Amino acid sequence: MKQVIYRIKTIGICAFIALGALSCDSEEFLENENKSILTDQTQWSSEANADIFINDVYSEIPRISTLSEQLDYYTDDYNISHYYTASNWRQGICQAPGSSNSSPWGGTYGPTNGYTWETFFVKLRKCNTGIQKLEENKENFSSEYYSKRIDELKFLRAFFYSEYFVHVGGLPILTVPLDRNTMTEEELLTPRATFEETFNFITGELESIVSNGALDIKYENGNGDAGRATLGAALVLKGWIELFAASPLFNSGTTYLADPDNFVHFATADPGRWARAAATNKKFMDEFGGTYGLFGDLPNLWRASNEYNSEIIWDRQIVANVGGMGTNYERRGGPTYVLGQYMTWGNYNPTQELVDAFAMSNGKPITDPTSGYDPQNPYENREKRFYDFIVYDGAPYKLDWMPEEDVIYTRIDETYANPDKTNQIDLAGSTDVGDSGYYQKKRLNPDAAPGNDASGQNDVFYRYAEVLLNYAEAQNEAVGPDQSVYDAINSIRDRSDLPNLDAGLTKDEMRDIIHNERRVELCFENKRYFDNKRWQKQEETMGVPRHNMVIRNSVPSDNSGVWVYSVEEEVKFTAKFEPRQYMSPLPQNAIDQNPNVKQNPGY
């Protein structure tokens, strides 16, 4: 995290300078501690030294934008390349790995999003060690510092639990570091908790943090503690996990496969879970809504100069052009060729299914016969978010690092002498050129030309629009589409110049609208995978082929005819989804090492 990283550097440099400033023949020098080598005792002797350890725990937050494989590859929003783990998962291939493995290259163990069994417990041990040491050395710290750092570490622990919980379900609950020298075998071989026990632990920790009130609600850009946990981060995470768990996949009393140990679902259904999720998100809106709110310029929400704007609730800081601290997200996505030059790997290819989810400028879906949609002129009069987020055939393309505007064409042009040097669709998937007819524009840093470590845009985990969407969904499921549901959705639509929803919608109609709004508003933010999962819709979204937009001229020899827009199925994969894929498997060596740990259903 940027501010946290700076603090680590500052402490290290100051310690070095302080040592160097002393005379080498001074007895005082010989008696001083070498602060560049911290022992367990000196580590916790001061707030500055303790922060070195705690800042390292923050560094365990995955840098999502640097991951080769984004979670959206596991959805119906991306048409993926052939060499990723997601391409196997797309074909129903998912099995327990022998050991923890997060390589994206052709794996067969499903999504990890930066987490494995092994890395999760490394993160957890650091959190537990930090909490334990702060408590043991409490007299060395001010009460304000102690209260803040304890709750920061508890938040990070809850965050790490939540991030792995949504992939695998119940986890062993550990609140102290394991020690084979002092603990019994029974203490060391902790079994998996149930889905409900893990859920209760995460939400209980977050509720305690919010109730304590020791953390700030929000930090602004430039604040020395920007990047640390806040009350806003704790409450938004609680609201999300409650929504996740209240959803059909987990809250029906039955599950997709036999789960006698209740690792991947609640043992009993409770419709009241929707109401509790709604209440938490409403609490955020009521108590923190004056501090957080929708940012007016959605396309530039992620820009580095806009970090910690009103909408950002929880993110991980990224630092451009500092070895290993920046991101090459822009190298992976966007048009492959820009101004005639090869610039990106063209990985992020939106599907026709996602493009079709964007409304017309009049707010009507393209399926409405009165919307004005023309399938042979499909990119005219679409809603603002479409032009902000998607690069389509004929799209003007100008980011700030570019010297001039380009126009991106994805059509098949048989008159071009060297088609491999253009962005025209690569149906065979043999080059870096996209294979869906579209490229992603959202989240690309307009200031950074594609390159290693070139971008400093933070990884945003939660923003205020998601709070509104979370609330609207939970409240609609709990009581139906009351005015507060309309207000939440309309505020998001209003930012993108869409008209308000029609009055008199049924609960089912509002549910469909909310689901679609989530898909459009949160696209390319690694949210769709969890939505498809929790709504128990992956059979219908991932068990069928996705589609591309293929544009050919009716007279291909000289392009003297008309350009024909044809929606065609992807041809690279035979789509398949097996129920076990709803949750990821645990590695076999974790089960071998701890007989109290059992595998997820279906593996």
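Numbers here simply count residues along the sequence, with the first being 1. Basis for what follows: all heavy atoms, side chains included, without hydrogens, waters or symmetry-related copies. This is a predicted model, so every value here is computed, not measured.
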Would you call L339 and M402 a side-chain contact if the rule is heavy atoms closer than 4.5 Å?
yes
Does the plane of the ring in F250 sit parallel, tilted or perpendicular to the ring in F244? Use 30° and 60° as the thresholds.
tilted
Taking F120 as the fixed residue, which of Y161, F165, F159 is the one that meets the ring pair (Phe, Tyr, Trp, His ring centres under 6.0 Å) rule?
Y161
Measure the CG-CG distance between N79 and L354 for me, rounded to the nearest 0.5 Å.
12.0 Å
For residues F266 and F195, establish whether the separation of their ring centroids is below 6.0 Å.
yes
Check against side chain to side chain donor-acceptor pair (under 3.5 Å), S65 and D459
CA-CA 6 Å; S65 57; D459 288 338; 2.7 Å; yes
Hydrogens and angles aside, do T112 and S102 bring a side-chain donor and acceptor to less than 3.5 Å of each other?
no
For N452, check side chain to side chain contact (heavy atoms under 4.5 Å, CB included) against everything at least two apart and list the hits.
N328
Check this for me: does any side-chain nitrogen of one of R303 and D400 sit under 4.0 Å from a carboxylate oxygen of the other?
yes
Do T422 and Q424 meet the criterion of a side-chain donor-acceptor pair at a distance under 3.5 Å?
yes
Cationic N near anionic O, under 4.0 Å, E404 to K398
no
So is K123 actually on top of Y115's ring, under 6.0 Å and inside 45° of the axis?
yes
Distance-only polar pair, side chains of Y256 and E539, donor-acceptor under 3.5 Å:
no
How far apart are the closest heavy atoms of S87 and F573, and which atoms are they?
CB-CZ, 3.5 Å
Taking atom types as modelled and ignoring hydrogens, do the side chains of N423 and T410 form a donor-acceptor contact shorter than 3.5 angstrom?
no
Answer with yes or no whether the side chains of E152 and Y58 bring together a donor and an acceptor at under 3.5 Å.
yes
Given the side-chain rings of Y348 and Y439, with only the six-membered ring counted for Trp, is the space between their centroids under 6.0 Å?
no
Please enumerate all residues that pass side chain to side chain donor-acceptor pair (under 3.5 Å) together with Y379, with sequence neighbours excluded.
Y438
Are a donor atom and an acceptor atom from the side chains of W89 and E578 found within less than 3.5 Å of each other?
no
In terms of side-chain heavy atoms, does T336 have a donor or acceptor partner in D432 at a distance below 3.5 Å?
no
With a 4.5 Å heavy-atom cut-off, do S430 and D426 have their side chains touching?
yes
Are side-chain heavy atoms of I173 and T190 found at a separation under 4.5 Å?
no
Charged N to carboxylate O below 4.0 Å: is that the case for D435 and K572?
yes
As a quick check of understanding, evaluate side chain to side chain donor-acceptor pair (under 3.5 Å) for N88 and T108, giving each step before the final call.
CA-CA 6 Å; N88 286 325; T108 58; over 6 Å; no
Tell me whether R192 is salt-bridged to D261, with the criterion being a basic N under 4.0 Å from an acidic carboxylate O.
no
Under a 4.5 Å cut-off applied to non-hydrogen side-chain atoms, are L249 and K533 in contact?
yes
Note: E205-K238 ion pair, threshold 4.0 Å (strictly below):
no
Ring centroids only, cut at 6.0 angstrom: are W314 and F155 within range, meaning strictly under it?
yes
Just verifying a value: how many Å separate N532 CG and T541 OG1, rounded to the nearest 0.5 Å?
3.5 Å
Is the CD atom of E405 crowded by more than 12 outside heavy atoms at less than 6.0 Å?
yes
Sequence-distant partners of Y109, ring-ring contact (aromatic ring centres under 6.0 Å, His included), two or more places apart
none
Donor on one side chain, acceptor on other, N445 and S455, under 3.5 Å:
yes
Salt bridge or not between E60 and K126? Use side-chain N to carboxylate O under 4.0 Å.
yes
Fit a plane to each ring of Y73 and Y78, take the angle between them on a 0 to 90° scale, and name the class: parallel (under 30°), tilted (30 to 60°) or perpendicular (over 60°).
tilted
So do N600 and V168 actually touch side chain to side chain, heavy atoms under 4.5 Å?
yes
Can you give me the closest heavy-atom contact between Q599 and F263, atom names plus distance?
O-CD1, 4.3 Å
Which is it for N347 and Y84 under the side chain to side chain donor-acceptor pair (under 3.5 Å) test, yes or no, and what are the steps along the way?
CA-CA 11 Å; N347 286 9; Y84 285 123; 3.0 Å; yes
Please determine whether ring pair (Phe, Tyr, Trp, His ring centres under 6.0 Å) holds for the pair F389 and F524, giving the CA-CA distance in whole Å, both sets of side-chain angles, and the decisive distance to 0.1 Å.
CA-CA 9 Å; F389 296 171; F524 315 138; 7.2 Å; no
Less than 4.5 Å apart, side chain to side chain, heavy atoms only: is that true for E570 and H547?
no
Roughly how far apart are R331 CZ and D453 CG, rounded to 0.5 Å?
11.5 Å
Supply the atom-to-atom distance T194 OG1 to F201 CZ, rounded to the nearest 0.5 angstrom.
13.0 Å
Hey, are Y74 and E69 close enough side-chain-wise for a donor-acceptor pair under 3.5 Å?
yes
May I ask you to check whether over 12 heavy atoms, not counting those of K576, lie within 6.0 Å of atom NZ?
no
Could you tell me whether the side chains of R518 and N470 share a donor-acceptor contact shorter than 3.5 Å?
yes
Charged N to carboxylate O below 4.0 Å: is that the case for D76 and R528?
yes
Do the numbers put R316 on top of the ring of F461, so that NZ or CZ is under 6.0 Å from the six-membered ring centre and no more than 45° off the axis?
no
Residues, nucleotides or ligands: over 12 heavy atoms within 6.0 Å of E569 CD:
yes
Between T344 and R332, is there a donor-acceptor pair closer than 3.5 Å when you use the side chain of the first and the backbone of the second?
no
Applying ring pair (Phe, Tyr, Trp, His ring centres under 6.0 Å) between Y582 and each of F577, F530, W535, report the one that passes.
F577
Ion pair check, R546 and E353, cut-off under 4.0 Å
no
Would you confirm whether the ring centroid of F386 sits within less than 6.0 angstrom of the ring centroid of Y392?
yes
Thinking salt bridges, do E568 and R552 make one under a 4.0 Å N-O criterion?
yes
Does a side-chain heavy-atom distance below 4.5 Å link H265 with S252?
no
Give the minimum heavy-atom separation between N589 and S100, together with the two atoms involved.
OD1-N, 4.1 Å
Think R443 forms a cation-pi with Y329, using NZ or CZ under 6.0 Å from the six-ring centre and within 45 degrees of its axis?
yes
Mutual orientation of the aromatic rings belonging to Y83 and W105 [parallel < 30°, tilted 30-60°, perpendicular > 60°]:
tilted
Any donor-acceptor pair under 3.5 Å linking the side chain of D315 with the backbone of I312?
no
For residues L124 and R157, determine if any side-chain heavy atom of one lies less than 4.5 Å from a side-chain heavy atom of the other.
yes
Strictly distance-based, threshold 3.5 Å: is any side-chain N or O of N548 a donor or acceptor partner for the main-chain N or O of V550?
no
Can you tell me if Q70 and N526 form a side-chain donor-acceptor pair at under 3.5 Å?
yes
